[in-house]
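Convention: sequence-line order gives letters A, B, ...; per-chain numbering from 1.
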Protein chains: 2
Amino acid sequence: MVQLDKQQSTEEKILMAARQIFIDRGMDGARMQDIADAAGINKAMLHYYFRSKEKLYGTIVQHIMSNALPAMFDLLESDLKLKDKLKQFIINYLALIRANPFLPLFILNEMNRHPDKFVKWLPIKNLKVSRFSDQVNEAVSLKLIRPIEPKVLIMNMASMIVFPFIARPMMCVVLKMDKKYFDQLLSQREDHIIDFVISAIYYKN
Amino acid sequence: MVQLDKQQSTEEKILMAARQIFIDRGMDGARMQDIADAAGINKAMLHYYFRSKEKLYGTIVQHIMSNALPAMFDLLESDLKLKDKLKQFIINYLALIRANPFLPLFILNEMNRHPDKFVKWLPIKNLKVSRFSDQVNEAVSLKLIRPIEPKVLIMNMASMIVFPFIARPMMCVVLKMDKKYFDQLLSQREDHIIDFVISAIYYKN
DNA sequence: GTCTATATTGTGATAGAC
DNA sequence: GTCTATCACAATATAGAC
């Protein structure tokens, strides 16, 4: 059940409820009845405000993606020194995931399953990593860090940041950890990843 | 459409088709009609061989998981030296993913969405990492490698191995890589991850 | 704008002939 | 074992009163 506020408009209540249900169950698994229940209204109202399930879905996706992506890329293009930038990237990205732990799996899923319905909502124009790439390449040529392609570095960091959250149930079972212990590991994730990445690429640290 | 062979029994044709459809669309998105079409039969036959969609789903899951998991864990409990074991783990795991690139997302999805229907098929008994843990802890105490928890190391490696494959469409768009370039990066993944991990944990290498 | 009731379609499952 | 035809129900969507 979503946090409901009497001051919210019906439309806002629907959007909050729909966001939750879609993220939890995906486009295919989500039921309009469940969204209506979570919003505290009936099915007919959903269709009154949003003509169809697909339109509602599109609205949610647009809202999510316009917020989630740009925040990370602004940091990569900032003036921070490389090592500080890497640390801050890890910290900020983890904070984003922690605030929306079920978002990544939803995005990856829908991206693979309904790519056409999804890509058009991405704010692609603002996404650049040229400044970051220059920084990494320069550090490599100065022999400050080991040779690595900037995009591979981003890929490695993003993997270690996001994956444990989406693979949480799997890892708990497979590595035989109870949820409490696993959450404790996740809470230390900043330090673990920062140490790992810094050790991996810097000759001295 | 799945590769069909006249020598296959109807049951085998169903299983191959169902595996493909379930992996592509998940339990919720999969339609019995589509499975029947892909198998070249009609819906009634599905229910003749497997009483219900859920039973068919369970059969597929069981088959997939009984093959995918144990292979990795046998290696971790083998007698290989630590560094060789890490390299081989990365190589084998990547080979597994490459052979079934859409499997991980399916597993993560269903694990989150239908945990009860999923976990009971996991061969949990054979999954142990005590030998590997001892090896890592020993290397740490001998100051061969930097301090790290064994399960964090597995988590980091698994993340870097699996995530780029499931985030492929996302990364292509967000990092502005065409598929050809991204596939080239993926083909070098063994070396990239091995270098990264070895550099991250070994004091000298 | 909000509701109840209903239409319409999709989907899992079954009956029964062959 | 395989098929066609059909059921039963669930889910999206709409009609119409208030």
Side-chain angles (χ1 to χ4, degrees), chain A residues 1-2 4-62 106 109-110 113-114 116-118, chain B residues 1-2 4-63 106 109-110 113-114 116-118 121:
Chain A
M1 190 60 172
V2 181
L4 289 186
D5 190 337
K6 288 184 179 178
Q7 297 170 333
Q8 284 180 315
S9 68
T10 301
E11 185 170 344
E12 283 169 337
K13 287 192 288 187
I14 292 176
L15 286 174
M16 284 192 61
R19 180 192 152 96
Q20 194 58 48
I21 300 291
F22 276 130
I23 289 178
D24 285 349
R25 305 215 254 278
M27 164 74 167
D28 295 327
R31 297 288 97 110
M32 295 294 268
Q33 182 65 61
D34 296 335
I35 295 174
D37 292 346
I41 55 164
N42 61 53
K43 274 189 300 178
M45 292 300 290
L46 292 183
H47 292 279
Y48 175 79
Y49 281 91
F50 306 87
R51 274 182 63 80
S52 68
K53 181 182 181 181
E54 193 161 337
K55 281 234 193 294
L56 177 56
Y57 172 79
T59 306
I60 300 293
V61 168
Q62 182 180 32
F106 169 76
N109 248 319
E110 303 301 312
R113 200 158 295 164
H114 314 287
D116 44 328
K117 295 179 184 172
F118 209 86
Chain B
M1 190 62 171
V2 182
L4 290 185
D5 190 337
K6 288 183 180 178
Q7 296 170 334
Q8 284 181 315
S9 69
T10 301
E11 186 171 342
E12 284 171 337
K13 286 193 289 188
I14 292 175
L15 286 175
M16 283 192 60
R19 180 192 152 95
Q20 193 59 49
I21 299 291
F22 276 130
I23 289 177
D24 285 348
R25 306 216 254 279
M27 165 75 166
D28 294 328
R31 296 289 96 109
M32 295 295 267
Q33 183 65 61
D34 296 336
I35 296 175
D37 293 345
I41 55 164
N42 60 54
K43 270 192 304 179
M45 291 300 289
L46 291 183
H47 292 279
Y48 176 78
Y49 280 91
F50 305 87
R51 275 180 63 82
S52 68
K53 181 182 180 181
E54 196 160 337
K55 280 235 195 295
L56 178 55
Y57 173 79
T59 305
I60 299 293
V61 168
Q62 183 179 32
H63 192 258
F106 168 76
N109 250 319
E110 302 301 311
R113 203 157 294 166
H114 312 288
D116 43 329
K117 296 178 186 174
F118 208 87
W121 300 118

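- Annotation: side-chain contact (heavy atoms from CB on, under 4.5 Å) contacts of A:E12 (sequence neighbours excluded): A:Q8, A:S9.
- Residues of residues 43-55 of chain A that place a heavy atom closer than 4.0 Å to DNA chain C, in numerical order, are A:A44, A:M45, A:Y48, A:Y49.
- For A:E11, there are no salt bridge (charged side-chain N to carboxylate O under 4.0 Å, His left out) partners at least two apart in sequence or on another chain.
- Scanning residues 27-34 of chain B for heavy-atom distances under 4.0 Å to DNA chain C yields B:A30, B:R31, B:M32.
- Under the side chain to side chain donor-acceptor pair (under 3.5 Å) criterion, A:Q33 pairs with A:D37, not counting sequence neighbours.
- Applying the salt bridge (charged side-chain N to carboxylate O under 4.0 Å, His left out) test to B:D34 and every residue at least two apart in sequence or in another chain returns B:R25.
- For DNA chain C, the span of nucleotides reached by chain A at under 4.0 Å from its heavy atoms goes, 5' to 3', from C:dG1 to C:dT4.
- Looking at residues two or more places apart in sequence or on another chain, you find no side chain to side chain donor-acceptor pair (under 3.5 Å) involving B:N42.
- The main-chain N or O of B:H47 is never found under 3.5 Å from a side-chain atom of B:K55 such that the two would form a donor-acceptor pair.
- Residues forming a side chain to side chain donor-acceptor pair (under 3.5 Å) with A:D28 (at least two apart in sequence, or on another chain): none.
- Partners of A:R51 according to the side-chain contact (heavy atoms from CB on, under 4.5 Å) rule, which considers only residues two or more places apart in sequence or in another chain, do not exist here.
- Remark: B:F22 engages B:Y57 in a ring-ring contact (aromatic ring centres under 6.0 Å, His included) (not counting sequence neighbours).
- Scored by the salt bridge (charged side-chain N to carboxylate O under 4.0 Å, His left out) test, A:K43 finds no partners at all (sequence neighbours excluded).
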